[in-house]
Amino acid sequence: MTTLTAAQARRIAVTAQGFAEARPAGPVTRAHLRRLISRIQVLQLDSVSVAVRAHYAPVFSRLGPYDRDVLDRAAWSHTARSPRLLVEYWAHEAALMAVEDWPLLRWRMREYTHGRWGTHIVKKNPKLADDIVAAVAELGPSTAGQIEEHLGAEQRGRKGPWWDRSDTKWVTEALFAAGVLTTATRVGFARHYDLTERVLPPDVVAREIDDEDAIRELTLRAASALGVGTEADIRDYFRLAAQQVKPAIAKLVADGVLEKVDVDGWTAPAYLRAGQIVPRRDRGTALLCPFDPLIFFRPRVERLFGFHYRIEIYTPAPKRQYGYYVWPFLLDGRLVGRVDLKAERAAGALHVVGAFVEPGEQPALVAAALAGELRSMASWLGLADVTVGDRGDLVGSVAAALK
């Protein structure tokens, strides 16, 4: 069995995620986006917008500054000249994925017939589900609140749609999980639901894929996007279960599609595409949002990079080690620092709340490269300046590099 060094595994992983390639010289197009999605598979969605919403960031990290309208149009609009490229579903967590891949998750939609959460609410309200589908058919793309208003349902939620939902909102979300409804568009990040058959192409809606074939394809795609990964890594990419992935991996190995390998320092065997070329040197420099596919499975981040990373949004401010919304910094294929970022739009500045260098790294070298990425991000976000706070052992060097 082949044995990879830790450095080889890291290079394979970074390359598989598209960081080793040169960024486009001209404007980023739909073709660039399509190629990127075919590589990384998913763009995770998240409501936090302290710097920029999560689904926009991985495209910037790999392709550089781009017009976010390119992604918006690909995800939430459809014309004859520019058909919808992406669709939203529970592919990792809530995520954008290629439209043509939607049928690969029909098995999950069947599992979520009564929703992902609050299934007891959905089961006791079968007529409400029918009423919601009829309302959406009549209204067209609508938020859960608009559907609720149309049905004349009592507004009982006081704290917000996620933690004190009305029955209408629970059932609407369940219909999304079941594949009956999907996201036609988002406005201010609010999901506007429509009937799936009015959003996706008829051939996609009609396509049926055997469950085992679908799981095996998702397993292969996860392994390819990871470059090299353990069974746990592969499972996490599309949130698959062990009983699904084990036989899928065994079949892919038996067919010669995946190769089982050892990685120095890893306690579990790993898998990579057969014939995978091992890059000779470390490449790839980028700021990574907390939900970037390269780093969204934290145990793998620690194995690959020796980098302990946890998001601290829900940690009380006095107890945070690094900050509220911290972006790891990838420099020449290694994670060498982390920076807590906030877009202060009123001030027209990307604010570095805190910056930290990893042990053994040279602060001046890290800061010089980081300064360039911060300027690029600020410009991309339409912010004229980069300002630096006082938290962390790298802020002084970053401030100096920015000058």
Side-chain angles (χ1 to χ4, degrees), residues 1 3-19 40-46 48 54 57-58 61 90-95 215 218-246 248-249 252 258-273 276 282 284 286-315 319-323 325-331 333-338 356 358-360:
M1 187 162 58
T3 298
L4 300 175
T5 67
Q8 287 175 323
R10 184 181 67 241
R11 290 172 193 145
I12 290 170
V14 172
T15 299
Q17 283 282 310
F19 289 104
I40 68 174
Q41 302 295 320
V42 295
L43 295 172
Q44 186 173 340
L45 294 157
D46 189 78
V48 176
S61 297
W90 296 108
H92 174 68
E93 287 297 311
I215 296 298
L218 291 170
T219 300
L220 178 59
R221 291 184 183 211
S224 300
L226 291 167
V228 60
T230 65
E231 180 195 308
D233 300 337
I234 292 169
R235 289 202 315 263
D236 179 77
Y237 212 83
F238 289 107
R239 297 295 166 90
L240 303 173
Q243 62 267 30
Q244 294 173 311
V245 169
K246 284 180 184 294
I249 288 177
L252 290 165
L258 291 184
E259 179 185 354
K260 188 176 182 179
V261 298
D262 280 330
V263 179
D264 287 343
W266 292 18
T267 57
Y271 302 89
L272 77 165
R273 287 293 291 262
Q276 172 76 57
D282 287 308
L287 283 161
L288 306 175
C289 90
F291 304 105
D292 191 288
L294 179 64
I295 60 169
F296 57 33
F297 190 46
R298 313 304 190 209
R300 184 169 186 264
V301 176
E302 201 146 358
R303 266 185 279 114
L304 271 177
F305 299 100
F307 189 92
H308 181 78
Y309 180 55
R310 299 292 183 271
I311 193 166
E312 298 182 274
I313 289 174
Y314 304 110
T315 303
K319 295 184 178 180
R320 290 178 193 141
Q321 183 177 4
Y322 296 110
Y325 201 73
V326 173
W327 298 59
F329 180 46
L330 184 76
L331 175 60
R334 297 180 302 110
L335 292 178
V336 298
R338 54 191 96 201
F356 305 82
E358 286 298 285

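Since the structure is predicted, the reported quantities are computational estimates derived from the model, not experimental observations.
Taking CG of Leu331 as the start and CG of Leu287 as the end, the distance is 10.5 Å to the nearest 0.5 Å. Taking CD from Gln8 and CG from Asp282, the interatomic distance works out to 11.0 Å, rounded to the nearest 0.5 Å. Atom CG of Asp262 is separated from atom CG of Leu4 by 8.5 Å, given to the nearest 0.5 angstrom. Separating the CD1 atom in Ile313 from the CG atom in Asp46 is a distance of 6.0 Å, to the nearest 0.5 Å. Of the inter-residue distances, the one linking Ile234 atom CD1 with Leu218 atom CG reads 12.0 Å to the nearest 0.5 angstrom. Rounded to the nearest 0.5 angstrom, Arg273 CZ and Ile12 CD1 are separated by 13.5 Å.
Without hydrogens or angle criteria, Glu259 side chain to Tyr271 main chain gives no donor-acceptor distance under 3.5 Å. With hydrogens and angles disregarded, a donor-acceptor distance shorter than 3.5 Å links the side chain of His92 to the backbone of Asp236.
Put simply, the side chain of Trp327 does not reach to within 4.5 Å of the side chain of Leu288, judged on heavy atoms. You'll find the side chain of Pro58 reaches within 4.5 Å of the side chain of Pro293, heavy atoms only. Looking only at side-chain heavy atoms (C-beta outward), Arg221 and Phe238 come within less than 4.5 Å of each other. Gln44 has its side chain out of reach of Asp292: every pair of non-hydrogen atoms, C-beta onward, lies at least 4.5 Å apart.
Taking all atoms of both residues into account, the shortest heavy-atom contact from Val228 to Arg300 is O-NH2, 2.6 Å. In plain terms, the two heavy atoms of Pro328 and Leu335 that are nearest each other are CB-CD2, 4.0 Å. When every heavy atom of Lys319 is checked against every heavy atom of Glu312, the shortest pair comes out as O-OE2, 4.2 Å. For the residue pair Tyr237 and Gln41, the shortest heavy atom distance occurs at CE2-CB, 4.1 Å. A pairwise comparison of heavy atoms in Pro290 and Ile311 identifies CB-CD1, 3.6 Å as the closest pair. The shortest non-hydrogen separation linking Ala286 to Phe19 is CB-CE2, 3.8 Å.
By the 4.0 Å N-to-carboxylate-O rule, Arg235 lies close enough to Glu231 to be salt-bridged with it.
Ring geometry, Tyr309 versus Phe307: the interplanar angle falls from 30° to 60°, so the pair is classed tilted. Between Phe356 and Tyr322, the angle of the ring planes goes over 60°, which puts this pair in the perpendicular group of the 30/60° scheme.
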Q: Show your working on side-chain contact (heavy atoms from CB on, under 4.5 Å) between Trp266 and Leu304 and close with a plain yes or no.
A: CA-CA 9 Å; Trp266 292 18; Leu304 271 177; 3.8 Å; yes
Q) Are Arg239 and Glu93 close enough, and set up right, to give a salt bridge (Lys or Arg N to Asp or Glu O under 4.0 Å), and what steps lead you there? A) CA-CA 8 Å; Arg239 297 295 166 90; Glu93 287 297 311; 2.3 Å; yes
Q: Show your reasoning for whether side-chain contact (heavy atoms from CB on, under 4.5 Å) applies to Leu240 and Thr219.
A: CA-CA 8 Å; Leu240 303 173; Thr219 300; 3.9 Å; yes
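Geometric assessment of Arg303 against the ring of Phe297 yields a negative cation-pi assignment under the 6.0 Å and 45° thresholds.
Thr315 and Arg320 form no side-chain donor-acceptor contact under 3.5 Å, judged by distance and modelled atom types alone.
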